Amino acid sequence: MNIAIPIDSISDRKPLGSSRLPPPPTRTIAPGDRLPPARRTHTPSSDEESGAEEGGDDPRMLLPDASRASRRPPTLRTPKMHVPAYAAQVLVAGTRVLVATHHHLRCFDVARHVDVPIWMGDTKEMGVRDARVTALEFRAGSAGSVVWAGTKEGHLIELAMDSGEVTGTKFGVHAGVVTHIFRHRTAMISVDESGKVLVFEPTTASGSEVPSLTYTAPRVYRIAEKQEFVKLIG
């Protein structure tokens, strides 16, 4: 059995310019003969490699220099804004975070210093001795700049978010612990554990579009006492 394999042969080819190409050259290998060696792929010479390095085509030259890279693991700075569980009230407006724990209030700015509050306050300095803050909410129409705080003694306090300055108070307006404060459109709603609900809503007679602890007279409503969960929907 004979096998025909093409072979390069210049003599068997016709000269260039012919309209028809010559058939490929063949080689006859008899049964039992060894096959010819496989063709080797072209590898660039040392001169070609040096030329490529000088021309900047070597992909290894495009990699960044790692000889001065740091092998040390990264260290992350952990914030130290401590918020006690089950005993703290938290409000967030932009980068400002207000944390109320018992009778202490701290305001942080996470864009500046997370560990150090921009101001600290105490209910004693606000004219309410030994009062414990139990509820927080932003006042309607303030865009997060004014906060209402309810206390265990039934007081309502209004203060500025940026400085902690007290801008309004209403002492003893509730008979028990202020458990919830809600904001609904232009109105503010406070709820205590005895079921008393106060709605502070500005009127045309007051001449103001936002509720005020000093000038807005609240409407009184009643719900069941000792509510563990209260949510305003609407």
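Just the heavy atoms: all of them, side chains too, but no hydrogens, waters or symmetry mates, feed the values below. The shown structure was predicted, so the numbers you read here are calculated from the model rather than taken from an experiment.
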K.L.:
Working to the nearest 0.5 Å, report the span between NZ of Lys124 and CE of Met126.
P.N.:
14.0 Å

K.L.:
Do Ser194 and Arg222 come close enough that some side-chain heavy atom pair is under 4.5 Å?
P.N.:
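Touching, per the 4.5 Å side-chain cut-off.
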
K.L.:
State, with a plain yes or no, whether a side-chain heavy atom of Ile118 is found less than 4.5 Å away from one of Arg96.
P.N.:
yes

K.L.:
Start with the C-alpha distance between Ile223 and Lys196, add both sets of side-chain angles, then the distance that settles side chain to side chain contact (heavy atoms under 4.5 Å, CB included), and finish with yes or no.
P.N.:
CA-CA 7 Å; Ile223 60 175; Lys196 184 179 180 180; over 6 Å; no

K.L.:
Determine yes or no for a side-chain-to-main-chain donor-acceptor pair under 3.5 angstrom, with Thr169 supplying the side chain and Phe171 the backbone.
P.N.:
no

K.L.:
How close do Ala88 and Val83 get, heavy atom to heavy atom, and via which atoms?
P.N.:
CB-CG1, 3.7 Å

K.L.:
Taking Asp192 for its side chain and Gly195 for its backbone only, find out whether a donor-acceptor pair lies under 3.5 Å.
P.N.:
yes

K.L.:
How many angstroms lie between atom CE of Met188 and atom CD1 of Ile181, to the nearest 0.5 angstrom?
P.N.:
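One gets 6.0 Å once the value is rounded to the nearest 0.5 Å.
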
K.L.:
Pick out which of Asp109, Val114, Val92 makes a side chain to side chain contact (heavy atoms under 4.5 Å, CB included) with Val97.
P.N.:
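Running side chain to side chain contact (heavy atoms under 4.5 Å, CB included) over Asp109, Val114, Val92 with Val97 returns exactly one hit, Val92.
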
K.L.:
To the nearest 0.5 Å, what is the distance between CD (Gln89) and NE2 (His102)?
P.N.:
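Between Gln89 CD and His102 NE2, I get 11.0 Å after rounding to 0.5 Å.
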
K.L.:
Does Val110 offer a backbone N or O that forms a donor-acceptor pair with the side chain of Arg112 under 3.5 Å?
P.N.:
no

K.L.:
Going by heavy atoms in the side chains, are Val178 and Val191 under 4.5 Å from each other?
P.N.:
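Counting from C-beta outward, Val178 and Val191 never come under 4.5 Å.
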
K.L.:
Are more than 12 heavy atoms from other residues, nucleotides or ligands located less than 6.0 Å from atom CD of Glu165?
P.N.:
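12 or below, so no.
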
K.L.:
Just grab all the side-chain hydrogen bond (donor to acceptor under 3.5 Å, both in side chains) pairs involving residues 134-144, residues at least two apart or on different chains.
P.N.:
Glu137-Arg183

K.L.:
Which heavy atom in Val210 sits nearest to a heavy atom in Gly141, and how many Å separate them?
P.N.:
CG1-CA, 4.0 Å

K.L.:
Which heavy atom in Ala140 sits nearest to a heavy atom in Pro211, and how many Å separate them?
P.N.:
O-CD, 4.1 Å

K.L.:
Determine whether Val197 and Leu232 fall in the same hydrophobic cluster, where Ile, Leu, Val, Met, Phe, Trp and Tyr are linked whenever their side-chain heavy atoms lie under 4.5 Å apart.
P.N.:
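Linked within one cluster.
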
K.L.:
Determine the minimum heavy-atom distance between Ala149 and Val133, stating which atoms define it.
P.N.:
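Heavy atoms of Ala149 and Val133 come nearest at CB-CG1, 4.3 Å.
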
K.L.:
I need the single residue from Val173, Leu156, Val199 that forms a side chain to side chain contact (heavy atoms under 4.5 Å, CB included) with Ser190. Which is it?
P.N.:
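Only match with Ser190 under side chain to side chain contact (heavy atoms under 4.5 Å, CB included): Leu156.
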
K.L.:
Determine whether Leu91 and Val166 fall in the same hydrophobic cluster, where Ile, Leu, Val, Met, Phe, Trp and Tyr are linked whenever their side-chain heavy atoms lie under 4.5 Å apart.
P.N.:
yes

K.L.:
Is there a donor-acceptor contact under 3.5 Å from the side chain of Ser212 to the main chain of Thr216?
P.N.:
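Not a single qualifying donor-acceptor pair exists.
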
K.L.:
Look at the side-chain heavy atoms of Ile, Leu, Val, Met, Phe, Trp and Tyr, link any pair under 4.5 Å apart, and say whether Met120 and Phe108 land in one connected group.
P.N.:
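No, because Met120 and Phe108 fall into different hydrophobic clusters, even though each may have its own neighbours under 4.5 Å.
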
K.L.:
Check for me, please, whether Ile189 and Leu213 land in the same ILVMFWY cluster - side-chain distances under 4.5 Å, paths through other members count.
P.N.:
no

K.L.:
Could I get the full list of ring-ring contact (aromatic ring centres under 6.0 Å, His included) partners for Tyr221, not counting sequence neighbours?
P.N.:
none

K.L.:
Within a strict 4.5 Å, meaning less than it, do heavy atoms of the Pro202 and Glu209 side chains meet?
P.N.:
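SC-SC contact between Pro202 and Glu209 ruled out.
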
K.L.:
Quick check: Phe138 with Trp148 (ring centres under 6.0 Å apart)?
P.N.:
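No - the distance between ring centres of Trp148 and Phe138 does not fall below the 6.0 Å cut-off.
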
K.L.:
Judged by modelled atom types alone, do Glu193 and Thr179 share a side-chain donor-acceptor pair under 3.5 Å?
P.N.:
no

K.L.:
Do Ile157 and Val147 belong together in a cluster built from hydrophobic side chains that touch within less than 4.5 Å?
P.N.:
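Same cluster.
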
K.L.:
Okay, side chain of His103, backbone of Ala131: is any donor-acceptor separation there less than 3.5 Å?
P.N.:
no

K.L.:
Atom NZ in Lys170, atom CD in Glu158: separation rounded to 0.5 Å?
P.N.:
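With rounding to 0.5 Å, NZ (Lys170) is 11.0 Å from CD (Glu158).
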
K.L.:
List the residues meeting ring-ring contact (aromatic ring centres under 6.0 Å, His included) with Phe182, not counting sequence neighbours, and say none if there are none.
P.N.:
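With neighbours one apart ignored, the set is His180.
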
K.L.:
Can you find a heavy atom in the side chain of Leu198 that is under 4.5 Å from one in the side chain of Arg219?
P.N.:
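With C-beta onward as the side chain, the pair stays apart.
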
